Protein chains: 2
Amino acid sequence: MGSEVNEHADVEGDGRSARKRRAILDAATEVFLKSGYLGTNMDEIAALSAVSKQTVYKHFSSKEALFVEIVGGMTTGAGDTVHNDVAQLGPDEDLAAYLVEYALRQLTVVLTPRIMQLRRLVIGEVTRFPELARVLYERGPARAMKMLAVVFKDLAGRGLLDIDDPAIAAEHFNWLIMSAPLNQAMLLGDDAIPSEAELRRNAEAGVRVFLAAYGGLGR
Amino acid sequence: MGSEVNEHADVEGDGRSARKRRAILDAATEVFLKSGYLGTNMDEIAALSAVSKQTVYKHFSSKEALFVEIVGGMTTGAGDTVHNDVAQLGPDEDLAAYLVEYALRQLTVVLTPRIMQLRRLVIGEVTRFPELARVLYERGPARAMKMLAVVFKDLAGRGLLDIDDPAIAAEHFNWLIMSAPLNQAMLLGDDAIPSEAELRRNAEAGVRVFLAAYGGLGR
DNA sequence: GTTCAGAACTGGACCGTCCAGTTCTGTGTG
DNA sequence: CACACAGAACTGGACGGTCCAGTTCTGAAC
């Protein structure tokens, strides 16, 4: 037993098996996002991925396992997308403009129909899959605020911000920027996702408040 | 049309029919909150309310209708609870303390297991019941911020706050106060609902930032 | 001869309906 | 006030039709 050698199936492969697996994952992602966990049936996933149900169950032991795999992958992927290129503030750069850009990067990634739907999906399944929600929290808001806290601590050390507790400042910044559009899109649907211009205005207003509270001497 | 005379069935009655109807609503609330829309079956509701399924369908035409009735009622009820006694700021009262109390009232109502679960439920069903989510948005955050905007406009008129756009200030205040605990409880479950002491600290920190940005001359 | 598609199948869950028999409620009558 | 009675509401159970997760079988392709 256990004579399998192709253990690289879950990273990136181009064998037939890996291709099918990818097709299943893609199809399942779409269907789960559209219909929710209970609202999704495996036949639809098999049909959409152009694969027999037998093949689906060869790759994933159950509906639950497939769901966990997909949601886990999406949250981690999205989290990585946000925090890839964290530009630092240059010496001659404007602090407010820098913070606005920082905010906009976050907003434009999170306020995407797919990511919003993922959020709704996970929130709706908190009871059934608490672990998934915890992962989303860690890889999402918690991670973002941890990164922010580091940035703020640095800026405070350079005398550009007057911050007592970087973690709290990061929370305040994060939610000043994200909450309004996030909650709106969450409940009013994807059509309520603000345009980039609106997001910019929102970010600027948030940064203004943030700097009023945490902006150091150079006001 | 509308020749019905006994329209008082949905307010408060004590007849047998009204009692059963209430029992059904109570049971259905519990089951829906616990298992979600698709995860709930009508047999369980009938059993828990100690009523035959026939009676359930005599009062509510379908599972969907029952669900809409319950969620609608709960959102409206919770919204009213928050905005019942809106005390105004007295002449000799401390502004910061007043705002902290204002925030705490909101927090302690919203951060309840039942209300949190309702939020999760509605968010998870945005696609299936967009109207319900819209109602929750209107009766929840939108209403709260509208009330806040009125309060802030008044305070600004009295020279206690320096506010340009009351609506934006209300948004900032609302989310400075609510976002951190709300998001945490939303994803990490009811066990992550902060204690009242933590909520107070959170409110105080939020008010501090708010007043730094919007506090008028009397700083 | 291994893998997969296609299709059928199992076992079970569930919505909504139906029905025969029972209980409640309100109204009229002596 | 006691009683009878009609109509509405309710029970308990059964059932049709549908849906679905997961398994199994057959035939074909490579």
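Since we're looking at a predicted model, the values are computed, not measured.
- B:K53 comes within 4.0 angstrom of a nucleotide base, judged by non-hydrogen atoms across all strands.
- The distance from atom CZ of B:F60 to atom C1' of D:dA9 is 15 Å, rounded to the nearest whole Å.
- Take the nearest nucleotide of DNA chain C for A:Q54 and for A:D43: the residue whose nucleotide is more 5' is A:Q54.
- Whole-Å rounding puts the B:E44 CD to C:dA13 P distance at 13 Å.
- Using a 4.0 Å heavy-atom distance criterion, A:T40 is classed as a sugar-phosphate-only contact.
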I would like to know whether A:F173 and A:F152 meet ring-ring contact (aromatic ring centres under 6.0 Å, His included); could you show each step before the answer? CA-CA 10 Å; A:F173 180 84; A:F152 287 166; 5.5 Å; yes
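- If you check C:dA5, D:dA21, D:dT11 against the side chain of B:S52, the one that comes closest is D:dT11.
- Heavy atoms of B:A47 sit nowhere under 4.0 angstrom from any nucleic acid atom.
- Of the possible donor and acceptor atoms, one in the side chain of A:S49 sits under 3.5 Å from a partner among the backbone N and O of A:A46.
- Side-chain contact annotation: B:R120 with B:Q117, donor-acceptor N/O pair under 3.5 Å present.
- One can place NZ of A:K58 at 12 Å from P of C:dT2, the figure rounded to the nearest angstrom.
- Because its NZ or CZ atom is not both nearer than 6.0 Å to the ring centre of A:F32 and within 45° of the ring axis, A:K63 does not count as a cation-pi partner of that residue.
- When the P atom of C:dA5 is taken as reference, atom CD1 of A:I45 falls 15 Å away, rounded to whole Å.
- Residue B:H59 contributes atom NE2, which lies 15 Å from atom P of D:dA8 at whole-angstrom precision.
- Closest to the side chain of B:S62, out of D:dT11, C:dG16, C:dA5, is C:dG16.
- The side chain of B:M42 lies closest to C:dC15, out of C:dC4, C:dC15, C:dT25.
- Distance, A:R19 CZ to D:dC30 C1': 13 Å, rounded to whole Å.
- In this structure, A:N41 atom CG and D:dC20 atom C1' are separated by 7 Å, rounded to whole Å.
- OP1 or OP2 of D:dT11 sits under 4.0 Å from a side-chain N or O of B:T55.
- Candidate nucleotides D:dT23, D:dG12, C:dC15 were compared by shortest atom distance to the side chain of B:K63, and C:dC15 ranks first.
- What you find for A:A169 and A:I163 is that their closest heavy atoms are CB-CD1, 3.8 Å.
- Remark: C1' of C:dA13 and CG of B:L38 are 13 Å apart, rounded to the nearest angstrom.
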